[in-house]
Amino acid sequence: MVPELGHQPYMCSFGDIVTTVGTPVYHSHSPTTIQSTQPSTDPCIFFDGVERLHLPRAVETLPTLLHLSLFLFFFGLLIFLFNINHTAFRVVAWWIGLSGGLYGCITLMPIFFHDSPYYAPLSFTVWFLYNGILYGIFHFWIPCYFRFCSFNPRTWYRSLDLFSTYRDRTLWGIVKTAQETATKSSQKIDGHILNWIFDSLDADGEVEEFCEGIPGFCSSKWSTSLKKSFINRVEYL
């Protein structure tokens, strides 16, 4: 998933921060004798401080603070233009509204589409608030329903299922939820991968070699509709 891939450049920048900040501080505060006798201990000293003072979380928070500062700037700009020029205020308000709507859609996409490659720094906060609030609502609703409402098995089991879903999403976060979704729909994803591979075959020898595995595919435990769709594509070729 994209969030996992996004950690790779983050880890590189995190290491650069430790190296860049730690080395000058160490050399400026350490005696010459310690530098010569124990040169291998300086990364460990700052690594312990990084872990103890939660520097990774602070680095992850920086994009969120940057976006919040940008929102405050545009809010102040609207207040300023409202008192100066109403025409400029309307133009800028429309532009900010459209941009804010697009930003809101990108922020909310991971909540409704777990395979979405688009997300914003505030997506993780919105994800936690959205699922956490719904988890709290169902946590309060289920005992009240059991005590004061007439028992309906369908409503009861549906409420328990939603309660478990929002609890797990709150604890897992965006990345783990996307992984669980991919696991549940692995057969569908494998079918898409199979079609992509088939579309990338150009030479006749590659197609023949690929089609040799069709009998094993037909005897596998795949859905009937997927088998028929893929076999029809092979026959059409």
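Any value given below was found using the heavy atoms of this structure, including those in side chains, with hydrogens, waters and symmetry copies removed.
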Does the side chain of Gln179 come within less than 4.5 Å of His114's, by heavy atoms? no
Kindly indicate whether the side chain of Phe140, heavy atoms from C-beta on, has any atom under 4.5 Å from the side chain of Tyr135. no
Around atom OH of Tyr157, are there more than 12 heavy atoms of other residues, nucleotides or ligands at under 6.0 Å? no
Verify same cluster id: Ile79, Leu81 (apolar side-chain graph, 4.5 Å): no
Tell me, do Ile142 and Trp156 make a side-chain contact under 4.5 Å, heavy atoms counted? yes
Between OG1 on residue Thr170 and CG on residue Leu134, distance to nearest 0.5 Å: 8.0 Å
For His139, is the NE2 atom crowded, meaning more than 12 foreign heavy atoms sit under 6.0 Å from it? no
Surrounding CZ of Phe71 (heavy atoms of other residues, nucleotides or ligands, distance under 6.0 Å), is the total greater than 12? yes
Please answer whether the main-chain N or O of Leu66 pairs with a side-chain N or O of Ser69 as donor and acceptor at a distance below 3.5 Å. yes
State, yes or no, whether a side-chain contact exists between Phe89 and Trp94 at a heavy-atom distance under 4.5 Å. no
Measure the spacing between CG of Asn83 and CG of Leu78 and express it to the nearest 0.5 Å. 11.0 Å
Indicate the atoms forming the closest heavy-atom contact of Thr177 with Trp172, along with that distance. OG1-CB, 3.8 Å
Path from Leu72 to Leu62 over hydrophobic side-chain contacts below 4.5 Å: no
Looking at CG of Leu55 and CD of Glu60, how far apart are the two atoms once the value is rounded to the nearest 0.5 Å? 10.0 Å
Check: Trp127 side chain, Thr107 main-chain N or O, donor-acceptor pair, under 3.5 Å: no
Is the side chain of Ser123 donor-acceptor paired with the backbone N or O of Tyr119 at a distance under 3.5 Å, no angle test? no
In this structure, would Phe124 and Leu129 fall into the same cluster of hydrophobic residues linked by side-chain contacts under 4.5 Å? no
Hey, what's the ring geometry for Phe138 with Tyr166, parallel, tilted or perpendicular (30° and 60° as the breaks)? parallel
With clusters defined by side-chain heavy atoms of hydrophobic residues (ILVMFWY) lying less than 4.5 Å apart, directly or transitively, does Phe75 cluster with Leu65? no
Once rounded to the nearest 0.5 Å, what's the spacing between atom OG of Ser116 and atom CG of Leu108? 10.5 Å
Scan side-chain atoms only and decide if Tyr103 and His67 contain a donor-acceptor pair under the 3.5 Å cut-off. yes
